[in-house]
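Here is the structure we will look at.
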Amino acid sequence: MSDAVITRRAFGRMAVGAATMLAGGLALPGVAMAGQGPMHPFADKLLFLEGADQVYAFSHIDKLYATRVISAGGKIHDFKQATTGFDVTFDHLGEQLDTAAFVKASRVAALVIVQNGTILREDYALGHGRAGKWMSFSAGKSILSTMVGAAIHDGHIKSVTDRVAKYVPVLRNTAFDDATIRDLLRMSGGEAWNENYLDRTSDISKHLAIIAARNQPGAILKHMTGLKRAFPTGMYNQYRTGETYLLGEVVAAAVGASLSSYLSERIWKPFGMEADAYWMLTAEGGIEYGGGGTNATTRDYARFGQFMLEDGMAGGRQVLPEGWIAEATIPSAPAQQAGKASGYGYQWWIDTPGTYTAHGVFGQLIHVDPKRKLVIAMNRAWRTPGEESDYALSRAFVQAVSAALP
């Protein structure tokens, strides 16, 4: 793969200050490039949209950026439908909320709750519907990490202890020279990185500006190779979308195919997803943005959680190595620099022991509870990226659902 993959929490903030971008050789937002039409007016401000504009963008990423189809096909993995309604009532900050009130308060566009392969509840709001697709943001990181497992099972990657530079040689003699695949799965590389979504000069903002431009293949990889080392590899966990981007580069190089086609052939088709999905690209015809660019229906996000719940089997075939899910979904990442436990596995969050969750910065969620055979998938349009108050309400709802089920 000659192009660079991208990274992470899908879109930290796009338009970087003009002087910064010109100095770094990046494209200016809103400027039409030779050979392509004008940039969509939302493309360079995705994290700052409001109301109907935000909902449109999150559900129409293919209208804003270059994308590639993740093909579905074959027999659909059908969910059964519960014959009785399901609801929860819970207290949050002194207020009693039922599911309908939660959907409104948390700006839920889609909610699917599945237990034992049966849909207990399904809600759509904000003008979104069952057939609509939604941007995963960082919840897509958990999908990519699972593809690392598939590539190991298929023999394309030998082990998580392999150095990433083995598959992406341009990383030799950089901050990633000694980084292993496991280091990046745990977000414990040693590079200096700014993940601030509202900082127009942050590393994530520079990546998003490149994606918006659509004409700079290889620019993100070049940016990653120029990062300086901040501390020894493997010492601390720090959230860095750039590391997930590099994992996408590793998988694409190892399997010799696009991330979209590999996901389609290993999981999307054989497990029976009901609709084509698509993946945001780093440039026209370029590589997929591995850190959070998948777009799918909410039922298919729930099916991905069901795939995990069913031990990584798809179409009667084992897709993941034996023990992979158990290894990937324990909080094995090192502590953060301040000493706080990371609660992080292989690009999965372990919010509650025995469960694991894919999180996106605007409320995207795939929660898997193996003990209860439970999957909760949500797509939301939070007003601000990564607000702790939004996460707190979300946790309260998930805990209420879990408490209500055997």
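Just so we're clear, the structure is a prediction, and the values are computed from it rather than from any experiment. The residues of the chain are indexed from 1 along the displayed sequence.
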- Item | H60 and F42, any side-chain heavy atoms less than 4.5 Å apart | no

- Query: So do the side chains of I376 and L111 get within less than 4.5 Å of each other, counting heavy atoms only?
  - Reply: yes

- Query: Side chains of D87 and T99: do they bring a donor and an acceptor to under 3.5 Å?
  - Reply: yes

- Message: Tell me whether the count of non-hydrogen atoms from other residues, nucleotides or ligands lying under 6.0 Å of CD in E310 goes above 12.
- Response: yes

- Determine whether the side chains of D183 and T233 contain a donor N or O and an acceptor N or O closer than 3.5 Å. no

- When you check the side-chain N and O atoms of S258 and S260, is any donor under 3.5 Å from an acceptor? no

- Item | Residues D98 and R121 bridged, charged N to O under 4.0 Å | no

- Item | Electrostatic pair D390:R380 at N-O distance under 4.0 angstrom | no

- Task: Taking atom types as modelled, find out whether S342 and R186 have a side-chain donor-acceptor pair closer than 3.5 angstrom.
- Result: no

- Sequence neighbours excluded, the answer for salt bridge (charged side-chain N to carboxylate O under 4.0 Å, His left out) partners of D162 is K166

- Task: Please tell me if the side chains of L221 and L246 come closer than 4.5 Å, counting only heavy atoms from C-beta onward.
- Result: yes

- Are any of the side-chain heavy atoms of L49 and F58 separated by less than 4.5 Å? no

- Answer whether the closest heavy-atom distance between the side chains of P406 and Q115 falls below 4.5 Å. yes

- Message: Side chains of Y278 and D62 only: does a donor on one sit below 3.5 Å from an acceptor on the other?
- Response: yes

- Item | Polar side chain donor-acceptor pair, S202 to N196, under 3.5 angstrom | no

- Would you say the side chains of D351 and H359 form a donor-acceptor pair under 3.5 Å? yes

- Message: Just by distance, no angles: are the side chains of N295 and Y65 close enough, under 3.5 Å, to form a donor-acceptor pair?
- Response: no

- Query: Using a distance-only test with no angle check, is there a side-chain donor-acceptor pair under 3.5 angstrom linking D199 and N194?
  - Reply: yes

- Message: Quick check: do T282 and E288 have side-chain heavy atoms less than 4.5 Å from each other?
- Response: no

- Item | Any F86 side-chain heavy atom under 4.5 Å of L405 side chain | yes

- Item | Ring centre gap for W349 and Y356 strictly below 6.0 Å | no

- Under 3.5 Å: donor-acceptor pair, side chain of W268, backbone of A275: yes

